[in-house]
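Read the structure below first, then the notes.
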2 protein chains.
Amino acid sequence: MGGRCSSSPDTLRIYSRDYWPLALLKEVKGEELPLPIAVAWPESLEEVVKLVKLCNEYRVPFVPYAGGSGVIGATICERCLVIDVKRMNKVIHLSEEDSYVLVESGIMLRKLEEFLNGRGFTLRHFPQSYPEAAIGGLIATKSVGQYSTKYGGIEDLLIDLEAVAPDGGVIPLRRNIVPRASTGPEIKSLLLGSEGQLGIITKAALKVFKIPPFDYKNSFAFKSFEDALMAVKEIVQSGLTPAVARVYDEDDSSVRFGDGRDLLILILEEYSKPLLEAKVSEIGRIISRYGGREAGEDYVEKWLEKRFDVISELKKLVVPMGLWFETIETAATWSNLIKIHSKFKEIKKVRGVYAVLAHASHFYEVGACLYFTLTYEADEKVYWDIWREAMRVVLENGGTISHHHGIGLLRREWIFSEIGPSLDYLRRIKSALDPRKLSNPGKFLG
Amino acid sequence: MGGRCSSSPDTLRIYSRDYWPLALLKEVKGEELPLPIAVAWPESLEEVVKLVKLCNEYRVPFVPYAGGSGVIGATICERCLVIDVKRMNKVIHLSEEDSYVLVESGIMLRKLEEFLNGRGFTLRHFPQSYPEAAIGGLIATKSVGQYSTKYGGIEDLLIDLEAVAPDGGVIPLRRNIVPRASTGPEIKSLLLGSEGQLGIITKAALKVFKIPPFDYKNSFAFKSFEDALMAVKEIVQSGLTPAVARVYDEDDSSVRFGDGRDLLILILEEYSKPLLEAKVSEIGRIISRYGGREAGEDYVEKWLEKRFDVISELKKLVVPMGLWFETIETAATWSNLIKIHSKFKEIKKVRGVYAVLAHASHFYEVGACLYFTLTYEADEKVYWDIWREAMRVVLENGGTISHHHGIGLLRREWIFSEIGPSLDYLRRIKSALDPRKLSNPGKFLG
C-alpha cells in the first residue's frame with residue numbers, strides 16, 4: 001500500500017462524519033465525534049482483498065467509504081479502518097453499442113457523467129449529492145436521482161457488480177454482462193442498500209442512455225397540493241412519464257421560488273420531436289383538467305441552477321439565525337400522500353421547529369416520494385423530537401421510514417417497526433457472510 | 001389440515017414432475033420418476049407455518065408447489081412433502097386508486113388476470129405458462145411474460161411479498177405497501193428466483209395497470225435477422241417501447257407462419273391515441289430505414305391465438321415422428337446476439353437434432369432474450385448432448401444460461417460457470433436460513 005494509509009488526526013477528523021446534519025451540528029458545536037483508527041486508499045481489487053483479509057486476521061472492523069456524501073451517519077464507525085475506494089476510479093469499459101458502462105466503484109458520479117457526456121451518453125442519475133457522491137456509495141445507499149421518474153433508481157441502472165465480501169472473498173461479476181438472467185437469487189441485490197455492512201462494492205456495470213436531444217420545460221400552478229399530485233398521477237399512469245416532476249407545497253414554493261402557490265416543475269426528454277410534442281399536448285390536457293395554469297420556464301431554470309446546492313443555500317439562511325436543518329423523505333401510495341403531507345406539516349407545532357417545507361419528487365405508477373425540509377433550533381433534543389414525531393407520522397399513515405436516504409445511525413431505531421422479523425433474517429445473513437462482525441459494525445444489521 | 005393431505009400413488013405420480021421436457025419424455029417412455037412422500041394443501045399462512053415447523057421437527061424435506069408449470073424440474077423432490085399452496089388463492093385487496101393488488105401466492109395467473117380485467121385492470125404478465133402458472137411460482141422462477149418489453153418482468157411488478165422461511169418463521173409484508181424504500185438490503189429479493197430453496201412465498205403485492213384502450217398490431221419482414229434486431233434496438237433505445245416485439249428467424253417463421261422471411265411481430269399499447277400515432281409513425285420510419293416491409297396484421301393475430309399453446313402444437317407435430325422438443329432461452333447484449341444466434345443454430349449438426357428455431361422476444365435497452373425451440377430424436381443422450389453444446393455456446397459468446405426459465409435440476413451443472421463464487425456465498429445464506437437443509441434440497445443451493 002506504500003504511503004496510501006494514514007492515521008493523522010486531521011485525516012481521522014475528516015473521515016469522522018458524512019453529511020448527516022446531526023454530525024455537522026455536533027462538529028459546529030465543537031463536540032467530539034467518534035474517530036476511525038486509520039484510513040487506507042487501495043487502488044485495486046487485490047488491495048481491497050488484502051486489506052479486508054488483514055482486518056479479518058487481526059479482528060479490525062472496517063467501513064467502506066468513497067464520496068462521503070451520505071446524510072444518515074452510515075460511515076461513522078468508531079475505531080474502524082476506513083477503506084476509501086476513491087482511487088479506484090477508472091472507467092473500465094464503455095460499450096456504446098450496448099449502452100452500458102463498467103466502472104470501478106470509487107469513480108465520482110460527476111466525473112462519470114462528464115466522461116459519458118463527452119461521448120454522447122449519460123447515466124441520467126442526479127441525486128442532490130451529484131457533485132460529491134461516488135458510484136459505490138450510491139449503490140450501497142440505494143440512491144435515486146432527480147430524473148428517476150423516467151430513468152429509475154440506481155437499482156434500475158445497475159446491471160451487475162463486483163464486491164469484496166466481509167471475509168475477503170470476491171463476489172465477482174457474472175461471467176458475461178447480460179440484460180437479465182434467471183439464475184437463482186441475486187446475491188448482488190443484497191449489496192443494494194447494504195450501507196457497508198455486507199462488504200465493499202468494487203465494480204459496477206450500469207446502463208447508460210444516449211443524451212436525449214429534445215426536451216420541454218415548464219411549470220404550473222395549482223389550486224392545491226392534491227390537485228397537482230393527482231395530475232402527475234394521471235400523467236405517470238398514462239405512460240407520459242416525464243423525466244422530472246416536482247410538486248412543491250405553498251411553503252416550499254414560497255421559500256424556493258418566491259411564489260406562494262402549489263407549483264409543479266416539469267421536464268420532459270425524448271428522442272423524437274413528434275413524440276415529445278404528442279406527450280406535451282396530452283400532458284397539457286391533463287394539467288388543465290386538474291386546474292393547473294402555466295407558470296413559465298423560469299422556475300424550472302431556477303431549480304436547475306440550484307438543484308445540487310440546496311443545503312448550502314439553506315445553511316446560509318438558517319445558520320446565522322441559530323437554526324439548523326434536516327431533510328426527511330418518505331414514499332407512499334397515492335391514497336396516503338395527502339394524509340402524510342398534512343400530518344407531517346403539523347410537526348411545525350413541535351417545540352423548536354421553525355418551518356416544514358414539502359415537495360413530491362419521484363413518481364411511480366403506485367405512488368410517490370414526499371420530501372420534507374425542516375428548520376429548527378440548533379439543538380439535539382429538538383432534532384430527536386422531530387425525528388420521533390416524523391417516523392410515527394409516516395409509519396402510522398402508510399409511508400416508509402426512508403425512500404432513498406437509507407438507515408445509517410439515524411434510523412436504526414425504526415427499521416424494525418417497518419420490516420419486522422425480516423430484520424432477524426437479514427441479521428442471520430449478515431452473520432453468515434460476516435461471522436466476525438467486521439463490516440461496518442454497530443449499524444442495523446448488528 | 002383435515003383431509004387436505006394425501007399420499008395416494010396417483011397423487012404422488014401427478015406431483016412427481018413439472019413440465020420439464022425430459023421428465024415428460026421419461027414418463028412417456030414409462031420410466032419411474034422420483035416420488036414425493038405426500039402432498040398437503042394448506043389454506044392459510046398459519047397452516048403453511050405449521051407444516052414447515054412439523055417438517056423441521058421431523059426433519060422432513062419439503063418443496064413448495066402451485067401451478068406446476070415450470071420447465072426445469074425445480075419441483076422434483078424425492079421423498080419430500082409437497083406443500084401445494086393452490087388453495088391459498090384469494091385476492092386479498094385490489095387498490096384501484098393506487099394500482100396494486102395483494103394476493104395469496106397460490107392464485108392462478110389466469111384467474112387473477114380475469115379478476116382484474118373485470119375491473120378494468122390487468123397485470124400484463126403473459127408467460128407461455130399463463131393458463132397454468134400461479135403467482136408464487138412465477139416469483140420463485142423469476143418469470144417474464146410476452147409483454148415484458150413494456151411492462152417488465154415479474155421483478156418489476158412485484159412490490160412486496162410474504163413468505164414462510166425454511167425454519168417456519170414468517171418473513172412478513174412491509175408494514176405499509178410503498179412504491180419504493182431504502183431500508184437496507186431486501187431479503188425479499190432473494191425469494192425471486194429462489195425456486196423453493198429459501199422457503200415458501202405466501203402473499204404478493206403486485207403493480208396493476210389500467211387496460212390500455214389503444215393498440216397497434218403489425219408485422220414486418222426483413223432481409224436478415226440482424227436487420228430486424230437492430231431496428232428493435234433503435235425502437236427500444238428511442239423510448240418507443242412496444243408492448244410486444246418478437247423477431248423470428250427464417251426457420252422459426254417458416255414453421256410458425258409458413259413464411260420463410262425474418263419476421264417482426266409488433267404490438268403497441270397506449271393510453272392516448274395521439275401518443276400511439278406518434279409512436280407508430282416514428283417506429284415506421286425506423287423500420288423502413290432497416291429495410292423492413294409491412295407483412296400485415298394476420299401474423300400477429302395468428303401469434304396471439306396460439307401463444308399459450310406452442311408446446312402442445314409442437315407435440316402434435318413431433319411426437320408421432322418419434323421426436324421430442326425442448327426450449328432454451330438466453331439473453332445477451334446487442335453486440336453478442338447475432339454471434340450467439342449463428343453459433344447456436346449449428347447445434348443442428350449435433351447427432352439426433354432435427355431442427356433449431358429461434359426468435360428474440362424480450363427487449364431491454366442493453367440487449368434481448370434469444371429463445372430457441374429444438375426438435376430431436378426422443379432420446380436422453382441426445383437431450384444432454386444438446387444441452388452441453390447449448391450451454392457452451394451461450395457461456396462462451398456473451399450469454400446467460402437462463403433468461404427466465406431458471407435452473408432447477410436441468411441447469412445445476414452450469415450455474416457455477418456463470419456466477420462463480422457468488423454461488424458459495426448464496427449457499428452460505430441458504431445454510432443460515434435453512435440449517436436443516438429442508439427447503440427443496442438437492443438443487444443448486446445444496
Side-chain angles (χ1 to χ4, degrees), chain A residues 97-100 142 165 169-172 174-187 189-190 193-194 207 238-239 270-272 274-275 278 282 331-335 364-367 395 398-404 406-407 415 418-422 425-426 428-429 432-433 444, chain B residues 97-100 142 165 169-172 174-187 189-190 193-194 207 238-239 270-272 274-275 278 282 331-335 364-367 395 398-404 406-407 415 418-422 425-426 428-429 432-433 444:
Chain A
E97 203 180 341
D98 294 335
S99 278
Y100 74 84
K142 207 173 162 191
V170 175
I171 295 171
R174 193 179 280 275
R175 168 144 170 180
N176 299 310
I177 299 283
V178 296
R180 186 204 198 255
S182 177
T183 50
E186 278 291 346
I187 193 165
S189 65
L190 290 179
S194 58
K207 273 204 280 190
S238 304
E270 296 295 336
Y271 294 92
S272 97
L275 186 62
E282 287 301 298
T333 55
W334 297 107
S335 61
Y364 306 85
E365 279 101 343
V366 302
L395 285 168
T400 170
I401 59 170
S402 177
H403 172 262
H404 63 274
I407 303 299
I415 185 169
E418 176 151 346
I419 71 169
S422 293
Y425 287 102
L426 283 171
R428 283 201 221 170
I429 290 172
L433 301 181
F444 61 91
Chain B
E97 203 180 342
D98 294 335
S99 278
Y100 73 85
K142 207 174 163 191
V170 175
I171 295 171
R174 193 180 279 277
R175 169 145 170 178
N176 299 310
I177 299 283
V178 296
R180 187 206 197 252
S182 177
T183 50
E186 278 292 346
I187 193 165
S189 65
L190 289 179
S194 58
K207 274 203 280 191
S238 303
E270 296 296 336
Y271 294 92
S272 97
L275 186 62
E282 287 302 298
T333 55
W334 297 107
S335 61
Y364 305 86
E365 278 101 344
V366 302
L395 285 168
T400 170
I401 59 170
S402 177
H403 172 262
H404 62 274
I407 303 299
I415 185 169
E418 176 151 346
I419 71 169
S422 293
Y425 287 102
L426 282 172
R428 283 201 221 169
I429 290 172
L433 301 182
F444 61 91

Only counting residues at least two apart or in another chain, list the ones meeting salt bridge (Lys or Arg N to Asp or Glu O under 4.0 Å) with R175(B). none
The interface call for I415(A) against chain B, heavy-atom contacts under 4.5 Å, is side chain
To the closest 0.5 Å, what do you measure between OH (Y100(A)) and CD (E365(B))? 15.0 Å
In short, E186(A) meets K142(B) closest at the heavy-atom pair CG-NZ, 4.2 Å
Is any side-chain heavy atom of V366(A) less than 4.5 Å from a side-chain heavy atom of I177(B)? no
Go through P274(A), A331(A), S335(A) and name the one with the most non-hydrogen pairs under 4.5 angstrom from chain B. S335(A)
What option among A278(B), G193(B), P179(B) has the most heavy-atom pairs under 4.5 Å with chain A? P179(B)
Below 4.5 Å, heavy-atom pairs only: which of G367(B), S238(B), G239(B) has the largest tally toward chain A? S238(B)
Over all atoms of both residues, closest heavy-atom pair of S272(B) and E282(A): CB-OE1, 3.2 Å
Sequence neighbours left out, what passes side chain to side chain contact (heavy atoms under 4.5 Å, CB included) with A181(A)? Give chain and number order. R174(A), V178(A), T183(A), T400(B), E418(B)
With chain A as the partner, which of L275(B), T333(B), I407(B) has the greatest number of non-hydrogen pairs under 4.5 Å? T333(B)
Between chain B and each of I429(A), L395(A), V170(A), I401(A), count heavy-atom pairs under 4.5 Å; write down the option with the most. L395(A)
Against chain A, label Y425(B) side chain, backbone, both or neither, depending on which of its atoms sit under 4.5 Å from a heavy atom there. both
Distance-minimising heavy-atom pair for S422(B) and I171(A): OG-CG2, 3.5 Å
Checked S99(A), P172(A), S189(A) vs chain B; the most non-hydrogen pairs under 4.5 Å come from P172(A)
Under 4.5 Å to a heavy atom of chain A? For E97(B) that would be both
Are any of the side-chain heavy atoms of P185(B) and L426(A) separated by less than 4.5 Å? yes
Of the listed S194(B), S402(B), A332(B), A432(B), the one with the largest count of heavy-atom pairs under 4.5 Å with chain A is S402(B)
Non-hydrogen atoms of chain A under 4.5 Å away: do they reach the side chain of I419(B), the backbone, both or neither? both
So, N176(A) side chain and G399(B) main chain: donor-acceptor pair closer than 3.5 Å or not? yes
